[in-house]
Amino acid sequence: QVQLVESGGGSVQDGGSLKLSCVASEWPKNVNCLGWFRQYPGKEREKVALIYRGGGSPYYPYSLKDRFTISHDYKNTLWLQMNGLKFEDTAMYYCAAGWCVNSWSQLNWHYWGQGTQVTVSS
């Protein structure tokens, strides 16, 4: 059973930084990609950053690629560095692990964390 636990959320001022962590019990064989997502109240979960465990360029939405950086180790940890935080970044952030193919065109998320809240005050 794979468990993912996020941490590092909190409340920051506009323009501040946070680094989120996601610690897994393991990266099993059915996981080749890792991701961060966020969810606003009443909205669907949206992609923040994606990365293949084996390397290559991470994926970011255009609006976030200049501020957010995803990284991981080869053991059990995923990170999201968030800089220049804005009020609109306020959301619940989740990490996920799954199987991704064909340059992010096919995504299958098998495991999710419980979420960590990020709040940015203007």
Side-chain angles (χ1 to χ4, degrees):
Q1 314 287 43
V2 177
Q3 304 285 338
L4 305 182
V5 180
E6 302 98 333
S7 63
S11 181
V12 299
Q13 289 282 323
D14 185 31
S17 297
L18 286 174
K19 189 173 185 178
L20 307 183
S21 297
C22 172
V23 178
S25 55
E26 61 174 341
W27 299 132
K29 292 182 178 179
N30 66 343
V31 170
N32 75 338
C33 62
L34 309 168
W36 286 98
F37 298 76
R38 67 185 181 189
Q39 188 168 23
Y40 303 108
K43 304 292 186 179
E44 292 189 359
R45 204 166 292 185
E46 64 183 38
K47 296 188 290 290
V48 171
L50 309 175
I51 191 168
Y52 280 102
R53 291 178 59 206
S57 299
Y59 165 84
Y60 306 95
Y62 181 81
S63 62
L64 298 178
K65 63 176 60 178
D66 59 335
R67 298 188 294 115
F68 288 13
T69 303
I70 188 172
S71 61
H72 72 97
D73 63 17
Y74 292 95
K75 297 179 180 178
N76 64 344
T77 306
L78 175 72
W79 295 275
L80 181 69
Q81 179 67 51
M82 303 185 293
N83 299 322
L85 286 164
K86 306 174 181 179
F87 177 77
E88 53 264 40
D89 295 319
T90 296
M92 185 72 73
Y93 285 74
Y94 300 87
C95 64
W99 190 262
C100 309
V101 297
N102 198 21
S103 299
W104 309 113
S105 64
Q106 295 175 263
L107 310 175
N108 302 99
W109 302 107
H110 303 310
Y111 312 104
W112 291 90
Q114 83 291 343
T116 185
Q117 178 69 38
V118 171
T119 302
V120 183
S121 300
S122 61

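Residues: numbered from 1 along the sequence shown. Every value quoted in this text rests on a predicted model; they were computed, and no experiment measured them.
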Self-check item: Distance (rounded to the nearest 0.5 Å) between Ser63 OG and Glu88 CD
Solution: 9.0 Å
Practice problem: Take Glu46 and Tyr40 through the test side chain to side chain contact (heavy atoms under 4.5 Å, CB included) and record every step on the way to the result. | Solution: CA-CA 9 Å; Glu46 64 183 38; Tyr40 303 108; 3.9 Å; yes
Quiz prompt | Hydrophobic cluster partners of Leu64 (side-chain heavy atoms under 4.5 Å) | solution = Val2, Leu4, Val12, Leu18, Leu20, Trp27, Val31, Leu34, Trp36, Val48, Ile51, Tyr60, Phe68, Ile70, Leu78, Leu80, Met82, Leu85, Tyr93, Tyr111, Val118, Val120
Quiz item: Is a side-chain N or O of Glu6 found less than 3.5 angstrom from the main chain of Gly115, in a donor-acceptor match?
Solution: yes
Quiz item: Which residues, ordered by chain and number, are linked to Phe37 in its hydrophobic cluster, where ILVMFWY side chains connect at heavy-atom gaps below 4.5 Å, directly or through other members?
Solution: Leu50, Tyr52, Tyr59, Met92, Tyr94, Trp104, Leu107, Trp109, Trp112
Exercise. Kindly compute the distance separating OG1 (Thr90) from CZ (Arg38), expressed to the nearest 0.5 Å.
Key: 9.0 Å
Practice problem: Nearest 0.5 Å please: distance from the CD atom of Gln114 over to the SG atom of Cys95. | Solution: 7.5 Å
Self-check item: Nearest heavy atoms of Lys43 and Gln39, plus distance in Å
Solution: O-NE2, 2.9 Å
Quiz item: Could you give the distance from SG (Cys33) to NE2 (His110), rounded to the nearest 0.5 Å?
Solution: 8.0 Å
Quiz item: Which atoms form the tightest heavy-atom contact between Gly84 and Ser17, and what is the distance?
Solution: N-OG, 4.2 Å
Quiz item: Distance-only, no hydrogens or angles: does the Ser25 side chain make a donor-acceptor pair with backbone N or O of Gln3 under 3.5 Å?
Solution: yes
Quiz item: Is the number of heavy atoms from other residues, nucleotides or ligands within 6.0 Å of CD (Glu44) greater than 12?
Solution: no
Quiz item: Can you list every side-chain hydrogen bond (donor to acceptor under 3.5 Å, both in side chains) pair that touches residues 64-77, not counting sequence neighbours?
Solution: Arg67-Asp89
